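Reading through the structure tokens given below for one structure.
This one's a predicted model, so the numbers in the text were calculated from it and none came from an experiment.
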Amino acid sequence: MKAPAIVAVATATPGFVTTQAQARTFATGHFADLLRDEPRLLDVFENAGIETRHSCVPAEWVMAERSFAQRNARYVEEATALGSDVARRALERARLGAGDIDHVVYISSTGIATPSIDALIANRIGLRDDTRRTPVWGLGCAGGAAGLSRARDFALAAPRSRVLVIALELCSLTFLPNDRSKRNLVAMSLFADGAAAVVVEGAEVERNGAGPRASRALSMRASHSTLWKDTVDVMGWDLEEAGLRVVFSRSIPHIVVERVRPGLDAFLAAQGMTLDAIRHIVAHPGGTRVLAAYERALELGPGALAHARDVLRGFGNMSSPSCLFVLERFLDAGDIGEGDHAMVMALGPGFSAEYVLVRGEA
């Protein structure tokens, strides 16, 4: 049976750039009391595998005391602009217009809006007034892969439709200056802003003379979700008066090593496949320790996660769009050849895993 296909991936970042050295300098002053007792905590900046990150606001704005309402208002403004930009880029790569989209899936966990951001984007870029909308909140780092899964589901149900997925996070707006904890210091060393958009076409879509796409199409063969019980405290947000306070556990790499491989093997077995059949791993670059855990769990050879490390180095951990940044790297490099199988994978709050099995088409 013909499957829905990814026909375009595009990414975008906001304009403010911070080097890791600059972020370390900010942290040295801001977390002075914490570092007085534990100076080695600053090593997280050198060990993060990051050189630069992007933000929608300058560092001075991030470090100033602001209410949750002020931060969220900035989220609505910046997310609408960045989401519109990345959507246009994906449509251009797919050689399509906004009027060709039947369904938009918007993924984010770093701000809230009603009407949701996808409605604001729809008005800005000119989506049809009958375009279906599905905003999804709370999936965190797993959101990009989960968004692909939902797009596949919608395209299977309506095989003549096109789905636009937008994964967008503005992590810089969630930084709380009054939180002098270790986890907030680690968050400062790791997280960043960015957006990605993907165009998915149902199997019965007719191109009607549209020009050649910018990259090879990837058929979406299957997808799978895993929610591990009794792990809800591993990753997420605590909502406080000032805003969203980050939660993540040191146990994440251990969970990757212990639990990812069995679940992935079971998913592939249901498709009549083994991990040996997967030529490419498109992994969310959550951090250097997480990538090392993937290599260990999946027995990956040298260079298997090179694109993931490149994205981490140049952009940091952008949460939900990160795995789509990695997918874009694979497509732009032409690494996924005709008939090659690849696995898009990411972990997120819950604690959960999302997998999407794709194959390069002619």
Side-chain angles (χ1 to χ4, degrees), residues 11 13-66 71 74-75 78 82 109-110 140-141 169-195 235-238 240 242-253 283-294 305-322 325-326:
T11 60
T13 52
F16 294 97
V17 180
T18 300
T19 67
Q20 192 72 333
Q22 290 171 326
R24 187 183 189 278
T25 299
F26 287 135
T28 301
H30 191 73
F31 293 91
D33 291 342
L34 176 64
L35 294 169
R36 190 173 297 114
D37 296 327
E38 299 183 75
R40 293 189 63 183
L41 287 174
L42 275 179
D43 291 347
V44 297
F45 288 87
E46 281 72 34
N47 297 334
I50 297 169
E51 293 179 1
T52 57
R53 285 175 283 163
H54 292 74
S55 171
C56 65
V57 289
E60 295 76 16
W61 199 100
V62 173
M63 301 303 292
E65 293 295 334
R66 301 181 192 276
R71 294 176 183 278
R74 192 64 181 262
Y75 168 84
E78 300 291 346
L82 187 62
S109 298
T110 46
C141 295
E169 305 292 356
L170 302 178
C171 300
S172 63
L173 300 181
T174 68
F175 182 81
L176 300 181
N178 277 338
D179 179 3
R180 274 17 188 237
S181 66
K182 293 181 183 179
R183 63 184 179 181
N184 205 31
L185 172 66
V186 174
M188 190 179 192
S189 74
L190 190 61
F191 290 106
D193 300 353
M235 180 185 291
W237 297 120
D238 283 337
E240 300 183 352
L244 301 169
R245 187 169 186 255
V246 67
V247 175
F248 57 89
S249 170
R250 294 172 58 89
S251 66
I252 293 173
H284 165 68
T288 53
R289 293 180 64 214
V290 172
L291 292 176
Y294 272 130
L305 300 181
H307 288 312
R309 284 195 164 85
D310 283 346
V311 168
L312 183 65
R313 184 180 304 111
F315 301 96
N317 182 344
M318 298 166 286
S319 191
S320 67
S322 295
F325 271 67
V326 180

If you look at every heavy atom in F325 and A195, which pair is closest and at what distance? CE1-O, 3.3 Å
Steps toward side-chain contact (heavy atoms from CB on, under 4.5 Å) verdict (L34, K182): CA-CA 8 Å; L34 176 64; K182 293 181 183 179; 4.2 Å; yes
Test side chain to side chain donor-acceptor pair (under 3.5 Å) applied to T11 - qualifying residues, sequence neighbours left out: E328
List the atom pairs, with distances to 0.1 Å, where a side-chain N or O of residues 173-180 and a protein N or O form a donor-acceptor pair under 3.5 Å, not counting sequence neighbours.
from	atom 1	to	atom 2	distance (Å)
T174	OG1	C171	O	2.7
N178	ND2	E65	OE1	3.2
D179	OD1	S181	N	3.0
D179	OD1	S181	OG	2.7
D179	OD1	R245	NH2	3.4
D179	OD2	S181	OG	3.4
D179	OD2	R245	NE	3.0
R180	NE	H30	O	3.0
R180	NH1	P177	O	2.8

Go through N317 and V290 one step at a time and tell me if the side-chain contact (heavy atoms from CB on, under 4.5 Å) criterion holds. CA-CA 11 Å; N317 182 344; V290 172; over 6 Å; no
To the nearest 0.5 Å, what is the distance between CG (L190) and OG1 (T288)? 8.5 Å
According to side-chain contact (heavy atoms from CB on, under 4.5 Å), who are the partners of S172, at least two apart in sequence or on a separate chain? S55, C56, V57, V62, D193
Testing the basics here: between M318 and G194, what is the closest heavy-atom pair and its distance to 0.1 Å? SD-CA, 3.8 Å
Going by heavy atoms in the side chains, are R74 and R66 under 4.5 Å from each other? no
For S319 and C141, the nearest pair of non-hydrogen atoms, with its separation, is OG-N, 3.3 Å
If you compare all heavy atoms of S322 against all heavy atoms of G316, which two are closest, and at what distance to 0.1 Å? OG-O, 4.4 Å
Can you sort out the partners of D310 under side chain to side chain donor-acceptor pair (under 3.5 Å), two or more places apart, ordered by chain and number? R313
Testing the basics here: between P285 and V311, what is the closest heavy-atom pair and its distance to 0.1 Å? CG-CG1, 4.1 Å
List in chain and number order the residues that pass side-chain contact (heavy atoms from CB on, under 4.5 Å) with A27, two or more places apart in sequence or in another chain; answer none if no residue qualifies. F31, L42, F45, L185, M188
Set of residues satisfying side chain to side chain donor-acceptor pair (under 3.5 Å) with respect to R40, sequence neighbours excluded: none
Without swapping roles, check the side chain of T52 against the backbone of G314 for a donor-acceptor pair under 3.5 Å. yes
Who passes side-chain contact (heavy atoms from CB on, under 4.5 Å) against A48, sequence neighbours left out? Q20, I50
Who pairs with Y294 by ring-ring contact (aromatic ring centres under 6.0 Å, His included), at least two apart in sequence or on another chain? none
CG-CG distance between L41 and L35, expressed to the nearest 0.5 angstrom: 6.0 Å
For R53, is there any backbone N or O sitting under 3.5 Å from a side-chain donor or acceptor partner on T18? no
Taking the side chain as C-beta and beyond, is there a heavy-atom pair between R71 and W61 under 4.5 Å? yes
State, to 0.1 Å, how close V326 and A283 come at their nearest heavy-atom pair, and which atoms those are. CG2-O, 3.7 Å
Give me each pair satisfying salt bridge (Lys or Arg N to Asp or Glu O under 4.0 Å) with a member in residues 15-33, each pair once, sequence neighbours excluded. R24-E46, D33-R36
Taking side chain to side chain donor-acceptor pair (under 3.5 Å) as the definition, give me every residue that meets it alongside T19, ordered by chain and number, with sequence neighbours left out. Q22
Using the side-chain contact (heavy atoms from CB on, under 4.5 Å) criterion, which residues pair with S109? Sequence neighbours excluded. E169, W237
